[in-house]
Amino acid sequence: MISWHELYMVLSAVVPLYVAMMVAYGSVRWWGVLTPEQCSGINRFVAVIAVPLLSFHFISSSDPYAMNLRFVAADTLQKVLVLAALAAWSRFPARFVPPAWPPLDCSITLFSVSTLPNTLVIGIPLLVSMYGPYSGDLMVQIVVLQSIVWYTLLLFLFEFRAARVLIAAQFPDTAASIAAVHVDPDVVSLEGSQAEAHAEVAPDGRLRMVVCRSSVSRRSAAAAATPRASNLTGIVVLQSIVWYTLLLFLFEFRAARVLIAAQFPDTAASIAAVHVDPDVVSLEGSQAEAHAEVAPDGRLRMVVCRSSVSRRSAAAAATPRASNLTGVEIYSISSSRNATPRGSTFTLADIPGHQPPNSALRASSFGAADLFSLHSSSRQHTPRPSSFDEHAAARARASATVAPTNDLKDTHMIEWSSGASAASEVTGLPVFRSGRETRRLVPSDAPSIASSRVIRPPPGATGGERAASFNKAVGGQDELAKLEAGAKTEQQTTAVTTTTKGGGAEGAERARGQQNAPGGVMLRLILTTVWRRLIRNPNTYASLIGLTWSLIAFRFHITMPIIVAKSISILSDAGLGMAMFSLGLFMATQPKIIACGYSVAAASMGVRFFFGPAIMAAASAAVGIRGTLLRIAIVQAALPQGIVPFVFAKEYNLHATILCTLVIFGMLIALPITLVYYIILGLL
């Protein structure tokens, strides 16, 4: 039987957390104390400093050698049972699955809702007040598993879904042909607005998918890096006009005193007038010098002129130095960019479109073995015997529009080789990267892949090897043309992701019939982005370092230095209140508390507060947990929704409104619900 005193102790431990949350809510909604920029700064402090240190404090102070393996096994079994049930449901035929609820999307959301509570911020203080300090150690064990294992698995599922959507959008019918994958170093997520993909032929002739950062993400990063206008304009103007002028006056006053004391140490009082030459801009010793003269009125006048040192410096700077270039070293526009000096070969015949009568064509320095392009070997206007059709190229350049934008949404990337000659054309501005010349052309006018890529043989290859290399590359180019011909635009990408919503069972079957990339390619792609996300997350380091320290400290009975321990304790003690304060700020910045609709919110609350604890009770009973430990396990499963799953859902645009409602409204009703569980389980 739960006494009133025990109930009061629980309320006294939890209500202060809600007070911090309501103060933050009122600071934004009622009193207008905090601006959105200030709220963003507070949330950043909580996410990067306060919560990681709070995690480190709890994990490092808990004995890992006293871990309750049955409790951990029950928590793991609960999550495995939920994953197994969701995996079985996702394998049902399409006619048994509602069109508006894709199996993978729903599985990720249901796993987040039913198995990942807010153990760190709410669970530890609540369970400690209910069942004592031992329950706090159990919650720390759950926090370690969540941070290292389950949040990583959740991130893997989100990236798996994003990879499927990305590949289905870009290569709906030819994904199985991809043999390798390359992810640019600045790509940290495969979510649609963060990454885009295209195909290319790898050096070994296989087709490789290249994932790069999307143009939308690059523009957002550039906009975030652009400094905004300061609201301190008035202070800056005042400094520039008044205070900097006063400071300059003080410097010149000091320089004048030094100059007069040096030139007229005993007769300074006799000076009646002063004249400053027009080229004197400073009285500093190396810039000016002074002498005395008698003015026309008979008085003594000081004349300040430019110093001889300053005049010599100005004269030396103004003297033009002799050029070390000769006429031979001045290259014409038709010469190469190599460092070999040679005479200019520029003639009127080199001007595009100008062909004087009876002009002789100079012989080309290229042999037939040097021509490896599918069309011409060079685009520069050099009159020489060649298979290149100048007039057809001029028409192609006139019809192809060079797009000056970097937006990949409306352009298609065509990679051109820089060719044997490096002279730039006047029809476009080439951008050189890694020895290639890249141009952006309008898709409707772009040449085909097979006709625009330059095929080069391996260095030192013989004639037969060159022919084999040519045939192999042509086959690869044909496959690449098929891949890129099947790529979809951004509008088609949206249609792919919503196929099952608008097309019913038929659309779902069609989506399932699309080709998938090979398992090895998918696994490497997902693990690359997951690893990059984890190494950028401060909580990952806090959990791993805290666990490592606890293993060493409790094994060899080492205590942390007092200075370090108190420094961490001050910030971690503030972390709990700041985390609730940040939740209050988040609640205040949302347009409404229930954002997903009342029916969906009710179903989500049922999964969070009833289905999850029921599965936990069954898993605990299966591993033999009884008594107080069983009560702790059930109450822990009935805690409000965790914050990290909501952050992932919002970033990957997957049921973010549902998780938002669970975080906000679930936090408000979590206290009475957990108290009801506490009272009912105490009666059993």
Side-chain angles (χ1 to χ4, degrees), residues 37 219 221-344 346 351 404-406 422-424 426 428-432:
E37 292 81 4
R219 285 197 300 268
T226 302
R228 63 182 180 89
S230 173
N231 56 358
L232 301 177
T233 306
I235 297 178
V236 172
V237 172
L238 194 63
Q239 279 186 345
S240 301
I241 297 177
V242 179
W243 305 118
Y244 288 160
T245 304
L246 176 61
L247 183 63
L248 181 61
F249 179 86
L250 295 176
F251 276 112
E252 289 294 334
F253 174 72
R254 172 186 175 275
R257 290 188 59 181
V258 172
L259 180 66
I260 294 175
Q263 299 294 328
F264 315 103
D266 302 322
T267 57
S270 303
I271 299 174
V274 64
H275 170 75
V276 182
D277 286 352
D279 57 349
V280 176
V281 295
S282 175
L283 299 178
E284 197 271 329
S286 63
Q287 299 291 325
E289 56 188 15
H291 63 274
E293 67 178 12
V294 178
D297 56 359
R299 296 184 304 171
L300 188 64
R301 181 173 64 179
M302 182 179 70
V303 178
V304 181
C305 58
R306 198 168 182 181
S307 67
S308 56
V309 175
S310 177
R311 284 195 297 269
R312 283 197 300 269
S313 299
T319 303
R321 63 181 179 87
S323 174
N324 55 2
L325 293 176
T326 64
V328 178
E329 292 173 316
I330 302 175
Y331 301 165
S332 70
I333 61 169
S334 63
S335 67
S336 71
R337 277 176 296 199
N338 294 329
T340 305
R342 64 184 183 188
S344 172
F346 178 78
I351 302 177
T405 179
N406 289 329
S424 302
V426 296
L429 296 176
V431 180
F432 296 98

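For the single chain, residues carry numbers from 1 onward in sequence order.
- Atom CD1 of I241 is separated from atom CG of L246 by 14.0 Å, given to the nearest 0.5 angstrom.
- Environment of CZ in R311: crowded, with over 12 heavy atoms of neighbouring residues, nucleotides or ligands closer than 6.0 Å.
- Taking the side chain to side chain contact (heavy atoms under 4.5 Å, CB included) definition, one finds that A288 meets it with V280, V304, sequence neighbours left out.
- Listed by chain and residue number, nothing satisfies the side chain to side chain donor-acceptor pair (under 3.5 Å) test with R257 (two or more places apart in sequence, or in another chain).
- The stretch residues 265-282 participates, sequence neighbours left out, in these side chain to side chain donor-acceptor pair (under 3.5 Å) pairs: E252-S282, H275-D277.
- Separation of atoms CG (L248) and CZ (F253) is listed at 14.0 Å; rounding is to 0.5 Å.
- E284 contributes atom CD, which lies 8.5 Å from atom CZ of R254 (distance to the nearest 0.5 angstrom).
- Taken from SG in C305 to CD in E289, the straight-line distance is 4.5 Å, to the nearest 0.5 Å.
- Here the closest non-hydrogen pair linking H291 and F264 is C-CZ, 3.8 Å.
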